[in-house]
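Encoded as structure tokens, here's the structure I'll be asking about.
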Amino acid sequence: MAVERTLSIIKPDATRRNLTGKINARFEDNGLRIVAQRRLQLTRVQAEAFYGVHKERSFFNDLCDFMTSGPVVAQVFEGEGAVAKNREIMGATNPANADEGTIRKDFAESVEANSVHGSDSPENAAIEIAFFFAETDIVG
Ligand code: ADP
Ligand code: MG
């Protein structure tokens with residue numbers, strides 16, 4: 001399997017509960033390397049652009065409210081099959097459906113406030129990484 005990069009976000013519900021380190025340990029302990037990381041406050045414009053693919057969904061407005069409700073930590077992970085591995089470590093979108101031992105099972109508050117974002121394909125990973133980071137910000 002190829003070495004890939006993927007975009008991860010630790011969401012406001014998790015930064016509010018001071019879970020950045022605990023969440024990062026899950027990724028690092030499972031073989032992903034954090035090769036870029038930045039804590040920031042998303043603007044409404046940024047949140048709407050980042051989740052633009054969901055703009056017709058009923059939860060879009062609430063999701064943008066939530067994603068701007070506090071700081072996030074945007075990160076780039078590198079590793080073998082990083083896109084799929086990241087999603088496996090996160091667990092299902094709805095924590096009620098997430099497997100035991102996943103981040104969302106252990107930390108998510110709800111289907112919306114589900115602690116982490118992860119890119120869903122290598123193509124989207126490239127787009128989402130470029131949303132937050134310049135190539136020179138990423139040090140493998
Ligand atoms: P994922 O983050 O697992 O890739 P999606 O891309 O489908 O999931 O959704 C993006 C985000 O929108 C989710 O992580 C979650 O925060 C929110 N979301 C998804 N479905 C719902 C829903 N039914 N109700 C409220 N929020 C939702
Ligand atoms: Mg998604």
Side-chain angles (χ1 to χ4, degrees):
M1 192 175 284
V3 173
E4 294 174 341
R5 285 177 176 174
T6 194
L7 190 278
S8 166
I9 303 175
I10 301 177
K11 296 185 178 183
D13 67 287
T15 61
R16 178 166 39 78
R17 288 176 289 151
N18 213 20
L19 292 171
T20 299
K22 283 200 175 76
I23 288 174
N24 278 348
R26 299 288 182 100
F27 293 120
E28 291 186 332
D29 290 349
N30 284 286
L32 292 173
R33 185 168 291 272
I34 302 169
V35 294
Q37 180 164 256
R38 185 158 69 92
R39 182 172 165 111
L40 70 150
Q41 171 68 51
L42 282 174
T43 66
R44 183 82 194 184
V45 168
Q46 283 176 312
E48 289 178 359
F50 185 79
Y51 279 117
V53 63
H54 293 307
K55 65 175 179 295
E56 306 304 334
R57 309 286 288 275
S58 58
F59 58 79
F60 178 71
N61 200 46
D62 280 351
L63 176 61
C64 293
D65 285 346
F66 164 61
M67 289 299 290
T68 57
S69 68
V72 299
V73 181
Q75 355 179 248
V76 180
F77 296 156
E78 191 173 82
E80 295 276 325
V83 174
K85 187 178 280 184
N86 174 42
R87 291 199 62 98
E88 198 181 309
I89 298 164
M90 288 199 304
T93 307
N94 186 340
N97 303 327
D99 288 343
E100 293 295 329
T102 61
I103 290 171
R104 283 166 165 173
K105 177 73 174 186
D106 291 343
F107 298 123
E109 294 181 324
S110 67
V111 63
E112 177 180 86
N114 60 4
S115 303
V116 280
H117 166 86
S119 306
D120 62 10
S121 67
E123 295 72 27
N124 284 336
I127 295 166
E128 292 180 357
I129 288 169
F131 190 93
F132 289 103
F133 297 99
E135 194 56 38
T136 49
D137 294 330
I138 305 169
V139 184

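Side chains are part of it too, since the values below use all heavy atoms of this structure and drop only hydrogens, waters and symmetry mates. Counting starts at 1 for both ligands and their atoms, in listed order.
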min-distance protein heavy atom vs atom 16 (O) of ligand 1 -> Glu112 O, 2.8 Å
Nearest heavy atom to atom 4 (O) of ligand 1, choosing from His117, Arg87, Arg104, Arg57, belongs to Arg87
From the list Leu7, Leu32, Val35, side chain to side chain contact (heavy atoms under 4.5 Å, CB included) with Phe77 holds only for Leu32
Exercise. Could you check whether the rings of Phe50 and Phe131 sit parallel, tilted or perpendicular, using 30° and 60° as the cut-offs?
Key: perpendicular
among protein heavy atoms, the one nearest atom 15 (C) of ligand 1 is Val111 O, 3.2 Å
Of all protein heavy atoms, the one nearest atom 7 (O) of ligand 1 is His54 CE1, 3.9 Å
For atom 17 (C) of ligand 1, the closest protein heavy atom turns out to be Leu63 CD1, 3.8 Å
among protein heavy atoms, the one nearest atom 8 (O) of ligand 1 is Thr93 OG1, 3.3 Å
Closest to atom 21 (C) of ligand 1 by heavy-atom distance, out of Phe50, Tyr51, Phe59, is Phe59
Ligand 1 to Asn114, heavy atom cutoff 4.0 Å, flagged ligand atoms 13 (C), 14 (O), 15 (C), 16 (O)
Tell me, please: is Lys11 in heavy-atom contact with ligand 1, that is, under 4.0 Å?
-> yes
Can we say Arg87 and Glu4 salt-bridge, meaning some charged N sits less than 4.0 Å from an Asp/Glu carboxylate O? no
Original post:
Does Arg33 reach the main-chain N or O of Gly140 with its side chain, forming a donor-acceptor pair under 3.5 Å?
Top reply: no
### Query
Under 3.5 Å, is there a donor-acceptor pair between the side chain of Arg38 and the main chain of Phe132?
yes
Is Asn114 reaching over with its side chain to a backbone N or O of Thr93, donor-acceptor style, under 3.5 angstrom? yes
Between Asn24 and Gln75, a side-chain donor and acceptor under 3.5 Å: yes
